[in-house]
Amino acid sequence: VFWHVTQNVDSLLTKAGCELLSELHGCSARVDCGYKSLAREELQEIILKQNPNRTAQSNTINLDADVHLNEEQLGDLKNRVKLDVTIFGDNVNCRLGDFLKEQSSKSDSVLVAGSSLEVMSSYRFILAAQQLKMPIAIINIGRIRGDHAAQLRISTRCGSILPLLQINS
């Protein structure tokens with residue numbers, strides 16, 4: 001495997017030890033402060049250090065472990081900090097897009113595993129591979145957007161076949 005690209009924002013591939021990886025839609029474990037990206041824990045430490053007397057409490061903890069803060073509790077952070085995640089309708093980071101185009105052009109083939117390719121940011125890889133006349137393989141249950149372009153199509157759960165393949169990353 002030359003390079004991994006994931007649409008997931010949960011950093012599971014990173015936690016699994018994948019190093020040759022780009023997170024196409026960002027990562028919810030990081031925040032974007034406008035000028036740089038930080039781990040959420042790092043930002044929390046900075047906020048606590050710079051605001052030792054400030055407290056914010058919430059009665060509700062959401063499923064993703066975030067809390068809802070009112071306008072007063074958010075203060076001036078509201079418009080300066082956001083999750084480092086591409087939300088539906090937003091554009092993928094341009095520098096990342098350019099980097100992934102370059103990586104794609106160096107590839108011999110494309111393997112799609114477990115994606116519907118419904119969003120253009122991922123389907124774009126199929127279009128580029130077609131243009132470069134690269135072989136395309138797809139592993140996914142049911143029909144997906146890129147089926148017409150695949151030279152190899154396996155309709156099964158990724159977990160039932162990927163462990164059988166010799167994939168070195």
Side-chain angles (χ1 to χ4, degrees), residues 1-44 62-66 79-169:
V1 173
F2 174 69
W3 202 260
H4 294 86
V5 178
T6 183
Q7 293 175 218
N8 297 335
V9 296
D10 54 15
S11 70
L12 286 179
L13 286 175
T14 301
K15 291 175 185 173
C18 183
E19 294 176 3
L20 305 172
L21 172 71
S22 290
E23 294 163 317
L24 186 61
H25 296 145
C27 179
S28 62
R30 294 187 306 263
V31 291
D32 181 358
C33 300
Y35 64 96
K36 85 189 246 187
S37 181
L38 300 169
R40 288 175 70 174
E41 294 83 15
E42 189 179 346
L43 177 65
Q44 187 65 37
N62 298 316
L63 293 174
D64 61 2
D66 282 344
N79 295 317
R80 293 194 286 160
V81 178
K82 74 175 199 78
L83 281 179
D84 188 12
V85 172
T86 301
I87 304 298
F88 187 78
D90 287 348
N91 293 319
V92 169
N93 177 294
C94 291
R95 284 180 299 198
L96 176 61
D98 291 342
F99 172 77
L100 291 175
K101 278 183 203 172
E102 183 182 325
Q103 295 299 85
S104 294
S105 69
K106 296 176 186 175
S107 300
D108 296 329
S109 59
V110 173
L111 170 64
V112 176
S115 175
S116 66
L117 300 174
E118 285 301 317
V119 294
M120 191 61 181
S121 55
S122 57
Y123 183 61
R124 184 178 327 264
F125 292 101
I126 297 301
L127 298 177
Q130 277 186 296
Q131 226 174 13
L132 295 169
K133 300 191 182 335
M134 286 182 192
I136 299 168
I138 298 175
I139 303 169
N140 199 47
I141 296 175
R143 290 178 27 149
I144 68 166
R145 189 176 185 186
D147 281 345
H148 67 280
Q151 285 73 40
L152 175 64
R153 178 64 168 91
I154 302 171
S155 185
T156 190
R157 294 179 180 273
C158 292
S160 67
I161 196 165
L162 288 178
L164 304 175
L165 300 176
Q166 293 293 323
I167 298 178
N168 299 314
S169 58

Run Glu42 and Val31 through side chain to side chain contact (heavy atoms under 4.5 Å, CB included) and show every step you take.
CA-CA 9 Å; Glu42 189 179 346; Val31 291; over 6 Å; no

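Considering every non-hydrogen atom in both Ser115 and Leu117, the closest pair reads OG-N, 3.0 Å. The shortest non-hydrogen separation linking Lys15 to Asp10 is NZ-O, 3.9 Å. Among all heavy-atom pairs drawn from Pro135 and Asp108, the shortest one is CD-O, 3.2 Å. Nearest heavy atoms, Ile126 versus Ala149: CG2-CB, 3.6 Å. The heavy-atom pair separating Gly142 from Ser155 by the smallest distance is N-OG, 3.4 Å.
With sequence neighbours excluded, the residues that form a side chain to side chain donor-acceptor pair (under 3.5 Å) with Arg30 are Glu23, Asp84. In this view, Asn93 satisfies the side chain to side chain donor-acceptor pair (under 3.5 Å) rule with no residue, not counting sequence neighbours.
Annotation: Lys82, atom NZ; neighbour count of heavy atoms from other residues, nucleotides and ligands within 6.0 Å is above 12. Counting heavy-atom neighbours within 6.0 Å of Gln151 CD, excluding the residue itself, gives a total above 12.
Under the 4.5 Å side-chain criterion, counting only non-hydrogen atoms from C-beta, Ile138 is in contact with Ile144. For the pair Cys27/Val85, no side-chain contact is recorded, criterion being any heavy-atom separation below 4.5 Å from C-beta on. Residues Asn91 and Thr86 have side chains not in contact (no heavy-atom distance under 4.5 Å, counting atoms from C-beta outward). By the 4.5 Å heavy-atom criterion applied to side chains, Ile139 and Leu111 are counted as neighbours. Two residues are said to be in side-chain contact when any heavy atoms from C-beta on lie closer than 4.5 Å; Val112 and Asn140 fail this criterion. Side-chain contact check for Met120 versus Leu127: some heavy-atom pair is nearer than 4.5 Å. With contacts defined as side-chain heavy-atom distances shorter than 4.5 Å, the pair Ser107/Met134 qualifies. Side-chain contact between Asp32 and Ser37 is absent, with no heavy-atom pair separated by less than 4.5 Å.
Relative orientation of the His148 and Tyr123 rings is tilted, given thresholds of 30° and 60° on the angle between their planes.
The one candidate from Leu100, Val119, Thr6, Asn8 that meets the side-chain contact (heavy atoms from CB on, under 4.5 Å) condition with Leu24 is Leu100.
With 3.5 Å as the limit, one finds a donor-acceptor pair spanning the side chains of His25 and Ser121.
Here CD of Gln130 is found 14.5 Å from CZ of Phe125. Values are rounded to the nearest 0.5 Å. In this structure, CG in Leu132 is found 7.0 Å from OG in Ser105, a value given to the nearest 0.5 Å. In this structure, Leu96 CG and Gln103 CD are separated by 10.0 Å, a value rounded to the nearest 0.5 Å.
Under the salt bridge (Lys or Arg N to Asp or Glu O under 4.0 Å) criterion, the residue pairs touching residues 153-163 are Asp147-Arg153, with sequence neighbours excluded.
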